[in-house]
Number of protein chains: 2
Amino acid sequence: MRSGEATKEKIKRAALELFVQKGVDAGGMRDIATASNITEGAIYRHFKGKDDLIWQLFADNFSGFATTLNDLQNEQNTLAGKIDAMVRGFCRFYDDDETLFRFLLLVQHGQLAKVSEDMQNPIDIVQGVLQGGIEAGEIGGASAQEATAWLFGIVLQTATFHIYGRLSGPMTKRADALSQACLAVLALPADR
Amino acid sequence: MRSGEATKEKIKRAALELFVQKGVDAGGMRDIATASNITEGAIYRHFKGKDDLIWQLFADNFSGFATTLNDLQNEQNTLAGKIDAMVRGFCRFYDDDETLFRFLLLVQHGQLAKVSEDMQNPIDIVQGVLQGGIEAGEIGGASAQEATAWLFGIVLQTATFHIYGRLSGPMTKRADALSQACLAVLALPADR
DNA sequence: TCGCCATAAGTAAACACTCGATTACATTAT
DNA sequence: ATAATGTAATCGAGTGTTTACTTATGGCGA
């Protein structure tokens, strides 16, 4: 056989870049095939169809990032530390693989419905941390869901502004400011 | 003629609801025609094509909302007052016409590139207000672009959580909390 | 070590279908 | 009468997917 897993990765990469560049609907199987130096039919040796390709691309990385986020959070023992670590995780992810980050942002609305309860999910990770903060009495006023929305909004909209050229430079350089903004919104003192 | 402008509105409404429900690409001209009790060909009497229909739907409401936002901001003379008024404007918009709100959120990424410099734009309105605050020395630390991203993130992600069922009830009821969050993130005292 | 072969991997062409758009024609209101 | 609306059928292009076929490779018996 000729390099099974290798071409599968080649297809995934090509699809990723095509979807981000032209949109998921506009990026067709023909384009993906051409970009991967492969024929259309061969793609179907590795994926059941376009939906499956998109889903694998999304689900693996989505839950993978959730795991990363959870590990980062676990290494810290203060609430502010956990938040800071997660924010930094987002920034690093963006800088490491902007295409992948953009893809997840792009297709999340279409795929989020298919996410099962038990699948690791970045939103639930963050919400869990904030829930802990509330139960410990460290966060006043806001509910965990509300607070999660705020933190996600601050970080993701900043990333979105980067994507559309309203902000420039690496996201990592903004991590400090973003962390502070997140703590401020929760009325938490920056403890570091 | 049989009711020119009326059917045009009928088409726009039907398209809006279809796009929000099924996505812009999945919502076809045939479906729009059926939902408007009209034939496909008739749609082309009112719109040059699908792109034009989407663009009219987007541009009119996008710049329309920008104008609303600007008026709201103009009626206030403190920075905190302006921010609060705009946040409230967002919430009211969401509650008044959730479908339209969702549509703008849905298609913005595809349409934003076509927005010309001189077209009224909600982002620039907010950014203008924050720029004023920075020049007056009321906001420290953050740039106008950064701060705009944060405020948009807080409000829009909260709306997104509503859309996906993570938060419920009217957005207007959250206006106070959102305003406070926005002021906190800018390190501004709530003056009202 | 050699040759065979099951099987994984890839090809090229066609499939059935949907899409947005256009056309020639009919209806309606001024 | 005439311009604005609306209809029904059709067009060509493009879609994801399937098919029948070909090629390469790792393992296994002789």
Side-chain angles (χ1 to χ4, degrees), chain A residues 1-60 103 106-114, chain B residues 1-60 103 106-114:
Chain A
M1 317 106 233
R2 343 0 172 223
S3 62
E5 206 59 29
T7 47
K8 181 163 183 178
E9 284 310 310
K10 226 173 41 174
I11 294 169
K12 279 167 118 175
R13 243 308 157 202
L16 202 68
E17 263 145 28
L18 222 133
F19 289 155
V20 168
Q21 204 204 334
K22 308 182 43 171
V24 177
D25 289 283
M29 299 298 264
R30 275 168 184 78
D31 300 319
I32 297 171
T34 305
S36 338
N37 280 99
I38 235 176
T39 52
E40 286 183 76
I43 299 179
Y44 289 85
R45 295 279 176 215
H46 301 276
F47 302 94
K48 291 172 69 177
K50 192 183 183 183
D51 286 346
D52 181 46
L53 169 52
I54 295 170
W55 172 248
Q56 282 197 38
L57 235 25
F58 175 78
D60 290 353
F103 173 77
L106 186 71
V107 302
Q108 62 170 318
H109 296 286
Q111 306 297 311
L112 236 43
K114 305 178 194 167
Chain B
M1 322 106 234
R2 16 289 207 246
S3 62
E5 205 59 28
T7 47
K8 181 164 183 178
E9 284 311 311
K10 223 169 46 173
I11 296 170
K12 281 166 114 176
R13 235 323 166 211
L16 202 66
E17 263 145 27
L18 223 134
F19 289 154
V20 167
Q21 204 206 334
K22 308 182 40 170
V24 177
D25 288 284
M29 299 298 264
R30 276 169 182 74
D31 300 318
I32 297 171
T34 305
S36 334
N37 280 101
I38 235 174
T39 51
E40 281 184 79
I43 299 179
Y44 289 86
R45 295 279 178 212
H46 300 277
F47 301 95
K48 291 171 72 177
K50 194 184 184 184
D51 286 346
D52 181 45
L53 169 55
I54 295 171
W55 173 248
Q56 283 195 39
L57 234 27
F58 174 76
D60 290 355
F103 173 76
L106 186 72
V107 302
Q108 61 169 321
H109 297 286
Q111 305 297 311
L112 236 44
K114 305 179 194 166

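Naming convention: chains lettered A, B, ... in sequence-line order (proteins, then strands); numbering from 1 in each chain.
Contact annotation: the side chain of Tyr44(B) never approaches that of Asp52(B) to less than 4.5 Å [non-hydrogen atoms, C-beta and beyond]. Looking at heavy atoms from C-beta onward, Arg45(B) lies out of side-chain contact with Thr7(B) at the 4.5 angstrom threshold. No side-chain heavy atom of Phe47(B) sits less than 4.5 Å from a side-chain heavy atom of Leu57(B).
Put simply, CZ on Phe47(B) is 15 Å from C1' on dG6(D), counting in whole angstrom units. In this structure, NZ of Lys10(A) is placed 11 Å from C1' of dG10(C), rounded to the nearest angstrom. Rounded to a whole Å, the CD atom of Glu9(A) is 14 Å from the P atom of dA9(C). Residue Met29(A) contributes atom CE, which lies 14 Å from atom P of dG10(C) at whole-angstrom precision.
One finds no salt bridge joining Glu9(B) and Arg13(B) here, because no Lys/Arg side-chain nitrogen approaches an Asp/Glu carboxylate oxygen to under 4.0 Å.
Residue His46(A) places at least one side-chain N or O closer than 4.0 Å to OP1 or OP2 of dG10(C). Listed pair Thr7(B) / dT5(D) fails the phosphate criterion, with no side-chain N or O lying under 4.0 Å from OP1 or OP2.
Residues of residues 32-45 of chain A having a heavy atom closer than 4.0 Å to DNA chain C, listed by number: Ile38(A), Thr39(A), Gly41(A), Ala42(A), Arg45(A).
Distances were taken from every side-chain heavy atom of Arg30(A) (C-beta onward) to each of dT17(D), dG10(C), dC11(D); the shortest belongs to dT17(D). Candidate nucleotides dG20(C), dG6(D), dT17(D) were compared by shortest atom distance to the side chain of Lys50(A), and dT17(D) ranks first.
Across Ala15(A) and Leu53(A), no two heavy atoms sit closer than the pair CB-CD2, 3.9 Å.
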